[in-house]
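Structure, as structure tokens:
Only a predicted model underlies this, so the values are computations on that prediction, with no experimental measurement involved.
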Amino acid sequence: MRALLQRVLEAKVVVDGQTTGQIEKGILVFLGLGKDDNFEKGKKLIDKILKYRFFDDEQGKMGWNVSQAGGGILLVSQFTLMAQTQKGLRPDFGPAMPPIEAEALYDQLVEYAKTQFEHIQTGIFAADMKVHLVNDGPVTFNLEVE
């Protein structure tokens, strides 16, 4: 399971011309699910994202998490994060969780995230999403859980 986190000033997801999720300051999370991932791993990752300190505190250091910074989270499924890219010139998506299983796990993780933090927005699983963002910094981190 992988999450690419981007600190943003604003972000939104548009599907078929309609905005499905939108935040002001906060974290845009691209979430990739692998074949061996499960809900327990996902909970650990969500908890880590919620506690991860990468917003500036009063001293200008990355000391605040998203809640302390008064931000939101935009959670977007992205199976391409699971691609193997070490060999060749075409990504291998073999490590990604099959779509039916991935959608069920993604939905569970969104529901869990909403029980832990009230400012959660999402994209639409497997949709052709247009993601708009203004990266703040830029600050981008890749988180993984085993």
Open item on the list: What's the separation between atom NZ in Lys43 and atom CG in Leu45, rounded to the nearest 0.5 Å?
Closed with: 13.0 Å
Open item on the list: In this structure, would Leu5 and Met82 fall into the same cluster of hydrophobic residues linked by side-chain contacts under 4.5 Å?
Closed with: no
Open item on the list: Is the shortest side-chain heavy-atom distance between Gln18 and Val15 below 4.5 Å?
Closed with: no
Open item on the list: For Phe125 and Tyr106, take the angle between the two ring planes, folded into 0 to 90°, and tell me which bin it lands in: parallel under 30, tilted 30 to 60, perpendicular over 60.
Closed with: tilted
Open item on the list: Under 4.5 Å between side-chain heavy atoms, counting indirect links through other Ile/Leu/Val/Met/Phe/Trp/Tyr residues: same cluster for Phe30 and Leu9 or not?
Closed with: no
TODO: Calculate, to the nearest 0.5 Å, the distance between atoms CE and OG1 belonging to Met129 and Thr122 respectively.
DONE: 9.0 Å
Task: Which atom of Gly123 lies closest to which atom of Val13, heavy atoms considered - done: CA-CG1, 3.9 Å
TODO: Kindly work out whether a path of hydrophobic side-chain contacts (I/L/V/M/F/W/Y, heavy atoms less than 4.5 Å apart) joins Leu4 to Phe79.
DONE: no
Open item on the list: Any non-hydrogen side-chain atom of Gln84 less than 4.5 Å from a side-chain atom of Phe93?
Closed with: no
Task: Rounded distance (nearest 0.5 Å) linking atom CD of Gln108 with atom CZ of Phe39 - done: 5.5 Å
TODO: Any chance you could lay out the side-chain contact (heavy atoms from CB on, under 4.5 Å) test for Asp56 and Lys61, step after step, and finish with the verdict?
DONE: CA-CA 5 Å; Asp56 293 346; Lys61 298 186 181 194; over 6 Å; no
- [ ] Would you check, one step at a time, whether the test side-chain contact (heavy atoms from CB on, under 4.5 Å) holds for Lys25 with Asp136?
- [x] CA-CA 9 Å; Lys25 176 172 87 171; Asp136 182 17; 5.6 Å; no
Open item on the list: Regarding Asp47 and Tyr52, do their side chains bring together a donor and an acceptor under 3.5 Å, going by distance alone?
Closed with: no
Task: Single-linkage hydrophobic cluster, 4.5 Å side-chain cutoff, Ile124 and Ile120 together - done: no
TODO: Take Asp37 and Lys41 through the test salt bridge (charged side-chain N to carboxylate O under 4.0 Å, His left out) and record every step on the way to the result.
DONE: CA-CA 6 Å; Asp37 290 333; Lys41 282 185 189 179; 3.5 Å; yes
TODO: For Arg7 and Ile27, indicate whether the former's side chain and the latter's backbone hold a donor-acceptor pair under 3.5 Å.
DONE: no
Open item on the list: Applying a strict under-4.5 Å side-chain criterion to I, L, V, M, F, W and Y, I'd like to know whether Leu74 and Val66 cluster together.
Closed with: no
Open item on the list: Looking at every non-hydrogen atom in both residues, tell me the closest pair between Leu33 and Ala102 and how far apart they are.
Closed with: CD1-O, 3.5 Å
Open item on the list: Does atom CG (Asn142) have a neighbourhood of more than 12 heavy atoms from anything else shown, all under 6.0 Å?
Closed with: yes
- [ ] Identify the two heavy atoms, one from Ser77 and one from Ala126, that lie closest to each other, and give their separation to 0.1 Å.
- [x] OG-N, 4.1 Å
Task: Leu50 vs Asn65 side-chain heavy atoms within contact, under 4.5 Å - done: no
Open item on the list: On a heavy-atom basis, which atom in Phe54 and which in Gln6 lie closest, and how many Å separate them?
Closed with: CE1-C, 4.4 Å
Task: Between CG on residue Asp57 and CD on residue Gln59, distance to nearest 0.5 Å - done: 4.5 Å
Open item on the list: Measuring from atom CE of Met97 to atom CG of Asp36, what distance do you get when rounded to the nearest 0.5 angstrom?
Closed with: 8.0 Å
Open item on the list: With a sphere of 6.0 Å drawn around CD of Glu58, does it hold more than 12 non-hydrogen atoms of other residues, nucleotides or ligands?
Closed with: yes
Open item on the list: Do Met1 and Leu105 make a side-chain contact, defined as non-hydrogen atoms from C-beta onward lying under 4.5 Å apart?
Closed with: yes
TODO: Quick one: pull up CD in Gln116 and OH in Tyr112 and give me the separation to the nearest 0.5 Å.
DONE: 3.5 Å
Task: Heavy-atom side-chain proximity of Asp107 to Glu111 below 4.5 angstrom - done: no
- [ ] List the atom of Gly32, the atom of Leu81, and the distance in Å for their closest heavy-atom pair.
- [x] N-CD1, 3.8 Å
- [ ] Answer yes or no: is there a side-chain heavy-atom contact under 4.5 Å between Val8 and Ile23?
- [x] yes
TODO: Using a 4.5 Å cut-off on heavy atoms from C-beta on, say whether the side chain of Leu109 contacts that of Leu31.
DONE: yes
- [ ] Go through the steps to decide whether Arg53 and Phe55 satisfy the test side-chain contact (heavy atoms from CB on, under 4.5 Å), and finish with yes or no.
- [x] CA-CA 6 Å; Arg53 298 180 296 165; Phe55 290 91; over 6 Å; no
- [ ] Side-chain contact test, heavy atoms from C-beta onward, threshold under 4.5 Å: evaluate it for Leu143 versus Lys48 and give yes or no.
- [x] yes
